[in-house]
*Asks:* 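Okay, handing you the structure first.
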Amino acid sequence: MLRRNLIRTAGAAALVAAAGMLAACGEKKAEFRGIDITGADYAKDFPLTDHNGQRRTIADFRGKVVVVFFGFTQCPDVCPTSMLELAEVKRQLGAEGDRLQGIFITVDPERDTPQVLKEYMGNFDPSFLALRGEPEQLAAVAKDFKIYYKKVDGKTPTSYTMDHSAGSYVYDPSGRLRVYHRYGTGVQVLGEDVRTLLREAG
């Protein structure tokens, strides 16, 4: 009798385990149009100060999809194009637009003062935030994000430009890095991935 009970118990446990495995196999993995970097061990946070003087981290934006872009306000094309596209994605989200947070991190803190950054964000969407840090803080964040930036001298000391990586890092509403978008992927592609992450979060 004891042996039969043990066999029944073991059999039931095996069925439960098998059902759990089948359920796990049945879970549909999110499919992205950008580069899926779910589980990446870099770009985990951006502990910098925003243009309003408030210290920010990814934890501040729980419940929102966060899109992070590195650039500088005197950038002639790549930066404004990327921010305009992000603003358009938010517009197209309609009522869900409040669940998207744009973050612009300047690689030119020398010229990009808080006031300059605030005015710059106003050109795109007033809810977007620009972050800056002292040179050593920026260097640490850039290293964590694996991005490149370099000052390129101009004809005068203040007319320099900045070479920098151009791409967007997309975080889900739980604050996990999920997708990387290269510059030029466009509004539709970015918008689809943002919607995927919003649906996933429920």
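Just so we're clear, the structure is a prediction, and the values are computed from it rather than from any experiment. Numbers here simply count residues along the sequence, with the first being 1.
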*Asks:* CG of Asp36 to CZ of Arg178: how many Å apart, nearest 0.5 Å?
*Replies:* 6.5 Å

*Asks:* Assess whether side-chain contact (heavy atoms from CB on, under 4.5 Å) is satisfied between Leu117 and Thr73, documenting all intermediate values.
*Replies:* CA-CA 7 Å; Leu117 290 169; Thr73 62; 3.7 Å; yes

*Asks:* So, are Arg91 and Glu88 salt-bridged, with charged N and O less than 4.0 Å apart?
*Replies:*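 Salt bridge present between Arg91 and Glu88.
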
*Asks:* Pick one: which of Tyr180, Phe70, Tyr42 meets ring-ring contact (aromatic ring centres under 6.0 Å, His included) with Phe145?
*Replies:*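 Result: among Tyr180, Phe70, Tyr42, Phe70 is the only option passing the ring-ring contact (aromatic ring centres under 6.0 Å, His included) with Phe145.
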
*Asks:* Check Met162 against Lys151 and note the closest heavy-atom contact, atom names and distance.
*Replies:*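 So the two residues come closest at SD-CA, 3.7 Å.
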
*Asks:* What are the two closest heavy atoms between Ser127 and Lys90, and how far apart are they?
*Replies:*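 Scanning both residues, the minimum pair turns out to be OG-NZ, 2.6 Å.
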
*Asks:* What's the shortest heavy-atom distance between Cys79 and Phe72, and which atoms?
*Replies:*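 Heavy atoms of Cys79 and Phe72 come nearest at SG-N, 3.6 Å.
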
*Asks:* Check Phe124 against Ala87 and note the closest heavy-atom contact, atom names and distance.
*Replies:*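 The pair with the smallest heavy-atom distance is O-CB, 3.7 Å.
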
*Asks:* Kindly work out whether a path of hydrophobic side-chain contacts (I/L/V/M/F/W/Y, heavy atoms less than 4.5 Å apart) joins Tyr160 to Val78.
*Replies:*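 No, no single cluster joins them.
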
*Asks:* Answer yes if Tyr149 and Phe46 sit in the same cluster of Ile, Leu, Val, Met, Phe, Trp and Tyr residues linked by side chain heavy atoms under 4.5 Å apart, and no otherwise.
*Replies:* yes

*Asks:* Are Gln92 and Arg195 side-chain neighbours, meaning at least one heavy-atom pair lies under 4.5 Å?
*Replies:*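 Gln92 reaches Arg195 side chain to side chain.
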
*Asks:* Are Phe61 and Val194 connected in the hydrophobic side-chain network, where two residues link if heavy atoms are under 4.5 Å apart?
*Replies:* no

*Asks:* For the backbone of Val107 and the side chain of Asp112, can you confirm whether one donor and one acceptor N or O come within less than 3.5 Å of each other?
*Replies:*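 Not confirmed, Asp112 side chain does not pair with Val107 backbone.
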
*Asks:* Verify whether the ring centers belonging to Tyr120 and Phe104 lie closer than 6.0 Å.
*Replies:* yes

*Asks:* With side chains defined as the heavy atoms from C-beta onward, is the minimum distance between Arg56 and Pro47 less than 4.5 Å?
*Replies:*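 Side-chain contact under 4.5 Å: no.
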
*Asks:* If you round to the nearest 0.5 Å, how far is CG of Leu197 from CZ of Arg176?
*Replies:*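 Reported value, rounded in 0.5 Å steps: 9.0 Å.
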
*Asks:* Atom CD in Gln101, atom CG in Leu86: separation rounded to 0.5 Å?
*Replies:*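 Gln101 CD to Leu86 CG: 9.0 Å, rounded to 0.5 Å.
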
*Asks:* Minimum heavy-atom separation for Cys75 and Pro80, please, with both atom names.
*Replies:* O-CD, 3.5 Å

*Asks:* Are Leu131 and Ile147 in one and the same hydrophobic cluster, where Ile, Leu, Val, Met, Phe, Trp and Tyr link if side-chain heavy atoms are under 4.5 Å apart?
*Replies:*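 Leu131 clusters together with Ile147.
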
*Asks:* Please examine the side chains of Val65 and Pro173, heavy atoms only from C-beta on, and report whether any two atoms are closer than 4.5 Å.
*Replies:*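 Yes, side chains in contact.
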
*Asks:* Counting only heavy atoms not in Lys118, do more than 12 fall under 6.0 Å of its NZ?
*Replies:* no

*Asks:* Look at the side-chain heavy atoms of Ile, Leu, Val, Met, Phe, Trp and Tyr, link any pair under 4.5 Å apart, and say whether Val179 and Phe69 land in one connected group.
*Replies:* yes

*Asks:* Can you tell me how far CZ of Arg111 sits from CD of Gln74, rounded to the nearest 0.5 angstrom?
*Replies:* 4.0 Å

*Asks:* Is there a donor-acceptor pair closer than 3.5 Å between any side-chain N or O of Ser165 and the backbone N or O of Tyr148?
*Replies:* yes

*Asks:* For the pair Leu129 and Asn52, evaluate side-chain contact (heavy atoms from CB on, under 4.5 Å) and give the outcome as yes or no after the intermediate values.
*Replies:* CA-CA 9 Å; Leu129 293 172; Asn52 296 312; 4.0 Å; yes

*Asks:* State the CD-CG distance between Glu136 and Leu138, to the nearest 0.5 angstrom.
*Replies:*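 Nearest 0.5 Å value for the CD-CG distance: 9.5 Å.
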
*Asks:* Taking Gln137 for the side chain and Glu134 for the main chain, is one N or O donor matched with an acceptor at less than 3.5 Å?
*Replies:* yes

*Asks:* Step by step, would you call Val89 with Val67 a side-chain contact (heavy atoms from CB on, under 4.5 Å)?
*Replies:* CA-CA 11 Å; Val89 169; Val67 179; over 6 Å; no

*Asks:* Judged by atom type as modelled, is there a donor-acceptor pair below 3.5 Å linking the side chain of Arg33 to the main-chain atoms of Val189?
*Replies:*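 No.
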
*Asks:* With rounding to the nearest 0.5 Å, note down the distance linking CG in Asp172 to CD1 in Ile58.
*Replies:*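 Answer rounded to 0.5 Å: 8.5 Å.
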
*Asks:* Look at the side chain of Asp193 and the backbone N and O of Leu190, then say whether any donor-acceptor pair between them is shorter than 3.5 Å.
*Replies:*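 No, because the side chain of Asp193 does not come within donor-acceptor range (under 3.5 Å) of the backbone of Leu190.
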
*Asks:* Would you check, one step at a time, whether the test side-chain contact (heavy atoms from CB on, under 4.5 Å) holds for His51 with Glu119?
*Replies:* CA-CA 9 Å; His51 59 249; Glu119 292 173 1; over 6 Å; no

*Asks:* For Gly63 and Arg99, work out which heavy atoms get closest and say how close.
*Replies:* O-NE, 3.9 Å

